[in-house]
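Here is the structure we will look at, set down as structure tokens.
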Number of protein chains: 2
Amino acid sequence: MTLHSTNPEGRKPVIRCAACPIADRAVCSYSTTRELSLLEAIKSYRTYLPGEEIQSTGEAAAHVGSVVEGIVSLSRLMPDGRRQMVGLLFPGDFLGRATRDTAPYDAIAVGQVTLCQFDRRRFEKMLGDSPALNRRLLDMTLDELDAAREWMVLLGRKTAREKIASFIALTARRSRAPVSADGLHIALPLTREAMADYLGLTIETVSRQIGALKRDGLIILTDARHLVIPDLDALSAEAGDDVV
Amino acid sequence: MTLHSTNPEGRKPVIRCAACPIADRAVCSYSTTRELSLLEAIKSYRTYLPGEEIQSTGEAAAHVGSVVEGIVSLSRLMPDGRRQMVGLLFPGDFLGRATRDTAPYDAIAVGQVTLCQFDRRRFEKMLGDSPALNRRLLDMTLDELDAAREWMVLLGRKTAREKIASFIALTARRSRAPVSADGLHIALPLTREAMADYLGLTIETVSRQIGALKRDGLIILTDARHLVIPDLDALSAEAGDDVV
DNA sequence: CGGGGTTTTGAGAAACTTCAAATATTGTGG
DNA sequence: CCACAATATTTGAAGTTTCTCAAAACCCCG
């Protein structure tokens with residue numbers, strides 16, 4: 001990609017908003033050119049390495065911002081080490097709570113991540129003055145709430161097999177996967193451990209259920225992180241949802 | 001779902017906003033007197049009987065509104081009958097998506113419920129003009145998102161015992177329960193079935209775990225829906241969360 | 001008092017986890 | 001480019017938790 005050089009600080013040159021790859025989906029997508037120029041003045045870019053902690057629970061967060069590239073996981077760590085992922089942020093998604101000074105969850109970079117950051121206080125101030133930002137943030141938060149609830153159904157009521165099938169089908173839908181004669185080719189963005197934390201399972205169960213789907217011909221593994229879905233409808237049928 | 005006697009009227013005389021019991025928490029709580037009078041013009045009250053369906057999945061929702069009295073559950077029913085609750089609305093909470101025309105979940109009255117309703121289209125229109133409403137709705141939605149995520153941790157990683165302990169502790173905190181010499185007296189607002197749907201368990205497991213907490217002296221049941229908590233800290237310790 | 005619904009209890013089965021170890025895979029320095 | 005260490009994934013066997021099925025007990029209301 002264009003924004004690739006990793007400098008030690010994780011700082012990046014500022015991309016002009018007009019050329020921003022997430023301009024149509026980000027928190028600023030309802031904003032006028034005039035408002036964009038105000039945001040442009042307070043934004044900065046930063047990159048994080050795979051596995052790097054962007055924010056940790058209880059820590060004061062100086063910044064909020066948009067995911068430009070990569071994936072960020074939000075998770076809660078229980079005192080005894082159990083971890084549950086509670087959110088997965090893709091490019092365009094917004095990270096952080098403008099109106100709260102400590103982060104309620106750990107935000108961890110999955111793969112390399114680039115954020116478009118704003119100073120939290122200054123962003124909060126702008127939010128107070130901008131109906132466009134406010135409204136966009138509301139719409140995004142409502143979408144996140146819907147996703148969280150869908151996820152609750154998965155966590156509370158689905159079997160391990162359904163969880164895995166749901167996750168793979170979701171990944172297939174989210175990444176506009178290349179279709180070839182043998183099916184959809186997709187890459188799994190998460191490690192088995194991260195999948196387990198996402199789905200409320202152990203890594204062993206994740207591995208076994210992926211194996212089972214493979215044996216049943218619903219997926220074909222090329223390697224541990226890449227697979228082919230010959231028939232997405234058949235896979236989706238294993239996910240336990242209503243036929244959409 | 002149980003059959004219930006019909007609710008012929010369900011209409012209630014309009015309470016003046018100035019005398020509204022949820023004025024400090026509702027979606028209108030940031031609004032000026034002037035804006036309240038606009039809302040007052042388009043609001044209506046309606047009551048629902050215990051178990052009555054307020055909205056069902058996929059159905060067009062004509063209204064949105066605030067819970068004034070009672071509790072509303074939001075849940076998703078899977079095609080084979082499994083049900084997962086995804087939200088529990090208390091007085092002051094807002095029901096419905098202004099910017100979406102079909103409800104994504106079933107909204108069911110738990111006990112008798114009174115709503116302060118607005119025509120969805122008209123409310124949506126006001127939302128476009130009102131920073132106060134917008135901002136309040138954003139704050140409420142962020143709180144709901146936090147609650148949903150907390151709940152995801154419970155669903156994905158907690159044991160049955162921890163789930164029950166969490167639920168009882170939560171209920172105790174939410175209902176300013178009367179304290180007497182023997183402890184906190186609380187009423188469980190949900191049936192065992194509703195608790196099971198909330199916690200991602202079966203009714204039998206709910207019943208057994210309540211029995212276990214009782215045997216361990218962490219709760220004292222007066223009847224199936226009323227109990228005493230001698231030591232809330234001890235109960236909370238069973239919930240598996242960080243010590244707060 | 002009867003009947004519907006709710007809650008509890010029991011026994012066995014199933015799903016998932018835990019512990020343990022083997023097998024890939026990846027990154028690194030020589 | 002290879003060997004090696006570190007990490008990630010798979011597999012196996014046994015154990016635990018939770019579910020399922022079945023039935024009894026309880027409770028509220030008319």
Side-chain angles (χ1 to χ4, degrees), chain A residues 6 49-51 78 80-84 108 110-112 154-165 167-168 187-215 219-227 238 240, chain B residues 1-5 49-51 78 80-84 108 110-112 154-165 167-168 187-215 219-227 238 240:
Chain A
T6 38
L49 297 175
M78 291 174 70
D80 61 357
R82 284 174 284 180
R83 185 182 288 277
Q84 176 63 50
I108 300 171
V110 175
Q112 180 165 310
L154 177 147
L155 290 173
R157 291 302 185 199
K158 289 190 178 178
T159 63
R161 182 184 176 92
E162 289 171 332
K163 287 177 175 182
I164 297 290
F167 174 72
I168 296 176
L188 297 177
L190 305 182
T191 64
R192 296 289 185 268
E193 184 178 26
M195 285 179 65
D197 289 344
Y198 184 109
L199 300 169
L201 297 171
T202 59
I203 45 178
E204 294 94 331
T205 300
V206 169
S207 180
R208 277 186 253 268
Q209 294 298 333
I210 288 178
L213 291 178
K214 181 176 115 186
R215 268 191 303 286
I219 58 175
I220 299 154
L221 285 186
T222 59
D223 66 64
R225 303 283 284 273
H226 296 270
L227 51 83
E238 297 291 325
Chain B
M1 285 311 91
T2 53
L3 283 178
H4 46 68
S5 49
L49 296 175
M78 291 174 70
D80 62 358
R82 284 174 284 179
R83 185 182 287 278
Q84 176 62 51
I108 300 171
V110 175
Q112 179 166 310
L154 177 148
L155 290 172
R157 291 301 184 199
K158 290 190 180 180
T159 65
R161 183 184 175 93
E162 289 171 331
K163 287 177 175 181
I164 297 290
F167 174 72
I168 296 176
L188 296 175
L190 305 182
T191 64
R192 295 290 185 269
E193 185 179 25
M195 286 178 65
D197 290 343
Y198 185 111
L199 300 170
L201 297 171
T202 59
I203 40 180
E204 295 94 331
T205 299
V206 169
S207 180
R208 278 187 253 266
Q209 294 299 334
I210 289 180
L213 291 178
K214 181 175 114 184
R215 266 192 304 284
I219 58 174
I220 298 154
L221 285 185
T222 59
D223 64 66
R225 303 283 284 274
H226 296 268
L227 51 84
E238 297 290 326

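Remember, it's a predicted structure, so these values are computed and weren't measured experimentally. Chain letters run A, B, ... following the sequence lines, proteins first, then strands; residues in each count from 1.
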| Which part of the nucleic acid, if any, lies within contact of Leu201(B), taking any heavy atom under 4.0 Å across all strands shown: a base, the sugar-phosphate backbone alone, or nothing? | sugar-phosphate

| query | Using a cut-off of less than 4.0 Å, is there contact between a side-chain N or O of Thr205(A) and OP1 or OP2 of dT17(C)? | reply | yes

| Rounded to 10 degrees, the angle between the two terminal axes of the helix from dC1(C)-dG30(D) to dG30(C)-dC1(D), each from five pairs | 40°

| Between dT9(D) (P) and Leu227(A) (CG): distance, integer Å | 13 Å

| said: So if I take every side-chain heavy atom of Ile203(B) and compare against dT10(D), dT7(C), dT17(C), which nucleotide ends up nearest? | reply: dT7(C)

| said: Taking any heavy-atom pair under 4.0 Å as a contact, classify Thr191(A): base, sugar-phosphate, or nothing. | reply: sugar-phosphate

| field | Ile210(B) CD1 to dT7(C) P, straight-line distance once rounded to whole Å | value | 9 Å

| said: Any non-hydrogen side-chain atom of Gln84(A) less than 4.5 Å from a side-chain atom of Leu155(B)? | reply: no

| said: So if I take every side-chain heavy atom of Ala224(A) and compare against dT9(D), dT8(C), dT20(D), which nucleotide ends up nearest? | reply: dT9(D)

Produce the list of close N/O pairs, under 3.5 Å, pairing protein atoms with atoms of nucleotides 21-30 of chain D; give distances to one decimal.
unit_1  : atom_1 : unit_2    : atom_2 : d
dC21(D) : N4     : Glu204(B) : OE2    : 2.9

| request: Could you tell me the separation between the OG1 atom of Thr202(A) and the CG atom of Asp197(A), rounded to the nearest 0.5 Å? | output: 10.5 Å

| task | Specify the separation, in whole Å, of atom CG of Leu190(A) and atom P of dA8(D). | result | 13 Å

| request: Using whole Å, report how far CG of Leu221(A) lies from P of dA8(D). | output: 18 Å

| Is the side chain of Arg157(A) donor-acceptor paired with the backbone N or O of Arg82(B) at a distance under 3.5 Å, no angle test? | no

| Does Ser207(B) place a side-chain N or O at less than 4.0 Å from the phosphate oxygens OP1/OP2 of dT7(C)? | no

| said: Side chains of Thr205(B) and Lys163(B), heavy atoms from C-beta outward: is any pair under 4.5 Å? | reply: no

| task | Output yes when a side-chain donor or acceptor of Glu162(B) lies under 3.5 Å from a complementary backbone atom of Glu238(B), and no otherwise. | result | no

| Would you call Met78(B) and Lys158(A) a side-chain contact if the rule is heavy atoms closer than 4.5 Å? | yes

| query | Please give, in whole Å, the distance from dT18(C) C1' to Arg82(A) CZ? | reply | 14 Å

| task | Between Arg215(B) and Gln209(A), name the one whose nearest nucleotide on DNA chain C is closer to the 5' end. | result | Arg215(B)

| query | Within this structure, what is the CG-to-C1' distance between Asp197(B) and dT6(C), rounded to whole angstrom? | reply | 14 Å

| task | Measure from CG on Leu213(A) to C1' on dT10(D) and round the result to the nearest Å. | result | 15 Å

| Any side-chain heavy atom of Leu201(A) within less than 4.5 Å of one from Gln209(A)? | no

| query | Rounded to whole angstroms, how far apart are CD1 on Ile164(A) and P on dA15(C)? | reply | 16 Å

| note | Out of dT18(C), dT18(D), dT7(C), minimum distance to the side chain of Arg192(B) belongs to dT7(C)

| note | Minimal heavy-atom distance between Ile210(B) and Ile219(B), with the atoms involved, is O-CD1, 3.8 Å

| query | Do Phe167(B) and Leu190(B) have side-chain heavy atoms sitting under 4.5 Å apart? | reply | yes

| query | Do Ile203(B) and Met195(B) come within less than 4.5 Å of each other through their side chains, counting heavy atoms only? | reply | no

| Distance check: side-chain N/O of Arg225(B) vs OP1/OP2 of dT7(C), anything under 4.0 Å? | yes

| query | How would you label the contact of Gly200(B) with the nucleic acid (heavy atoms, under 4.0 Å): base, sugar-phosphate, or nothing? | reply | sugar-phosphate

| request: Spell out, as yes or no, whether a donor-acceptor pair under 3.5 Å connects the side chain of Arg83(A) to the backbone of Glu193(A). | output: no

| message | When you compare the side chain of Leu49(B) with that of Gln112(B), does any pair of heavy atoms fall below 4.5 Å? | response | yes

Heteroatom pairs (N/O) under 3.5 angstrom, protein to nucleotides 5-7 of chain D:
none

| field | Leu154(A) to Leu199(A) - nearest heavy-atom pair and separation | value | CD2-CD2, 3.8 Å

